[in-house]
Amino acid sequence: MRDGSEAEAGAALLFWYDGHARVMPWRVGPAERAAGVRPDPYHVWLSEVMLQQTTVAAVRDYFRRFTARWPSVADLAAAEDGDVMAEWAGLGYYARARNLLKCARAVAAAGGQFPATAEGLRALPGIGPYTAAAVAAIAFDEPAVVVDGNVERVVARLWAIETPMPAAKPELVDKAGRLTPQLRPGDHAQAMMDLGATICTPRNPACALCPVNAFCAAKAQGIAAELPRKSPKPEKPTRFGLAYVAFDAAGGVLLERRPEKGLLGGMLGFPGSDWAETAPAPCPPLAADWTQLSHEVRHTFTHFHLRLRVFVAQAEGEGFTPRQDFSPAALPTVMRKVWDLAQARAQAGAAPPHPRGI
DNA sequence: GAACCGTGGCA
DNA sequence: TTGCCAAGGTT
């Protein structure tokens, strides 16, 4: 990108967006957009929080379920914590769900309207620089500079910025600001993200189809696919743990609510050991005839691999959740894997599979 | 600035 | 099978 070409490139991008914008449940249609209709700030905020570090494909159904169950921010603010955490289960980064509720309650307490500026939005829980700018631009038409991973990639390529991330961030924000128009800033932001998601992709960018390829310095140098440069990531360690699945005579399940802070904070789970890099000591939650399952659960978190040994037992006692009050869908994925393994074992006990040799 | 925090799809 | 990656925020 040469200095002075920003307006021309921005216009080309918006023209492309008008013909190629992706259809999504939280967006308004092309006709409404052309008529100046803005999407519901509640929908924009909810979608942006769900989309943090998460793919559009994964978010779609969650967004539909949330808005069907809680049509307004006031409805969400009035929800039970456990219901929101259960509805978020499987989407990951559970601090987002806890902050989502805090934010909804703060907005409801302040009258039910979201702040209309990036500065005001930024003060709310779970809303950082990106989300504040995105909601301000998309829902309130503020020419905020929206910089997410897509924008970083597109801008790094347009200007052929070879400084590795995250050191390049300030320069990328500066360039993104030069590209942001005063008119239709929300569409511009979404156009940048659609471009990054469909054409200016991390691997094998489709430069031939790019509406701004004529302005792209990286394409001219043949290094588009190499940008933005990133330093190599450290190897993930493996941690080990134990999980205990106890059933009572009525089929009830022993569950615990995890602490608010830390990994899987606020989510349901099975009792068990800490997860450490050394072999854990047995720590059954109650006395019973525990059977160790032959397979283990493997799961990878952001910064470590986990291998869980699973134990099951029939037992009696206090604290069992009645089976009809428990939905496996309310578990975080690693705990759902534990549940699935325990179920497979129960199935096998009821109807042993045919032996298959060895 | 760096560590922490999930998950599923894909090459 | 493994590593990389996706519309980041908090501490």
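The basis for the numbers below is simple: all heavy atoms, side chains too, and nothing from hydrogens, waters or symmetry mates. Residue numbers start from 1 in every chain, and the chains themselves are labelled A, B, ... in the order their sequence lines are given, proteins ahead of strands.
Using modelled atom types, one finds no donor on one side chain facing an acceptor on the other under 3.5 Å when comparing A/Lys236 with A/His303.
Only the P atoms considered, C/dC4 is 16 Å distant from B/dA3, to the nearest whole Å. Rounded to whole Å, the P atom of C/dT11 lies 14 Å from the corresponding atom of B/dG6.
Residue pairs satisfying the salt bridge (charged side-chain N to carboxylate O under 4.0 Å, His left out) criterion with at least one member in residues 195-216 of chain A, sequence neighbours excluded, are absent. Residue pairs satisfying the salt bridge (charged side-chain N to carboxylate O under 4.0 Å, His left out) criterion with at least one member in residues 122-145 of chain A, sequence neighbours excluded, are listed as follows: A/Arg38-A/Asp141. Each salt bridge (charged side-chain N to carboxylate O under 4.0 Å, His left out) pair with one or both residues in residues 325-334 of chain A, not counting sequence neighbours, would appear here, but there are none.
Mapping A/Lys230 and A/Lys261 onto DNA chain C via the closest heavy atom, the residue that lands nearer the 5' end is A/Lys230.
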Is there a salt bridge (charged side-chain N to carboxylate O under 4.0 Å, His left out) between A/Lys337 and A/Asp340 once you walk through the steps?
CA-CA 5 Å; A/Lys337 288 182 180 177; A/Asp340 288 346; over 6 Å; no
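Of all the residues in residues 14-31 of chain A, A/Arg22, A/Met24, A/Trp26, A/Arg27 reach under 4.0 Å from DNA chain C with at least one non-hydrogen atom. Applying a 4.0 Å cut-off to non-hydrogen atoms, none of the residues of residues 165-194 of chain A approaches DNA chain B. At a non-hydrogen distance threshold of 4.0 Å, A/Ile127, A/Gly128, A/Pro129, A/Tyr130, A/Thr131 from residues 127-146 of chain A come into contact with DNA chain C. The stretch residues 38-51 of chain A touches DNA chain C through A/Glu48, A/Leu51, each having a heavy atom within less than 4.0 Å of the strand. Annotation: proximity of residues 78-85 of chain A to DNA chain C (heavy atom, distance under 4.0 Å) is found for no residue.
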Base, backbone or nothing for each nucleotide of nucleotides 5-11 of chain B, written B, S, -, heavy atoms under 4.0 angstrom, 5' to 3'?
BBBS---
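One atom, CG of A/Leu124, and another, C1' of C/dG8, lie 16 Å apart when rounded to the nearest Å. A straight line from CG of A/Leu195 to C1' of C/dA6 spans 16 Å, rounded to a whole angstrom. One interatomic measurement links the two molecules: CZ of A/Arg258 to P of B/dC4, which rounds to 16 Å at whole-angstrom precision. Look at CZ on A/Arg122: it is 15 Å from P on C/dG8, rounded to the nearest Å.
Taking CG of A/Leu242 as the reference point, atom CH2 of A/Trp290 lies at 11.0 Å (rounded to 0.5 Å).
In this structure the side chain of A/His43 reaches within 4.5 angstrom of the side chain of A/Phe63, judged on heavy atoms. Residues A/Arg153 and A/Pro228 form a side-chain contact, since some pair of their non-hydrogen atoms from C-beta on lies under 4.5 Å apart. A 4.5 Å side-chain heavy-atom check between A/Val245 and A/Leu254 finds every atom pair outside the cut-off.
Using a cutoff of 4.0 Å between basic side-chain nitrogens and carboxylate oxygens, A/Glu171 and A/Lys169 are not scored as salt-bridged. A/Arg257 and A/Asp81 are not joined by a salt bridge, as no carboxylate oxygen comes within less than 4.0 angstrom of a charged side-chain nitrogen. Using a 4.0 Å cut-off between charged side-chain N and carboxylate O, A/Arg27 and A/Asp187 make no salt bridge.
Aromatic ring centres of A/Tyr17 and A/His188: separated by at least 6.0 Å.
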Contacts under 3.5 angstrom, residues 210-223 of chain A side chains, donor-acceptor by atom type, not counting sequence neighbours:
unit_1: A/Asn213; atom_1: ND2; unit_2: A/Cys207; atom_2: O; d: 3.0
unit_1: A/Asn213; atom_1: ND2; unit_2: A/Cys210; atom_2: O; d: 3.3

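Closest approach of A/Thr278 to A/Phe240, counting heavy atoms only: O-CB, 4.3 Å.
Every residue meeting the salt bridge (charged side-chain N to carboxylate O under 4.0 Å, His left out) condition with A/Arg69, not counting sequence neighbours, appears here in chain and number order: A/Asp83, A/Glu87. Considering only residues two or more places apart in sequence or on other chains, A/Phe326 meets the ring-ring contact (aromatic ring centres under 6.0 Å, His included) condition with A/Trp339.
A/Arg184 places no side-chain N or O within 3.5 Å of a backbone atom of A/Leu14 that could act as its donor or acceptor partner.
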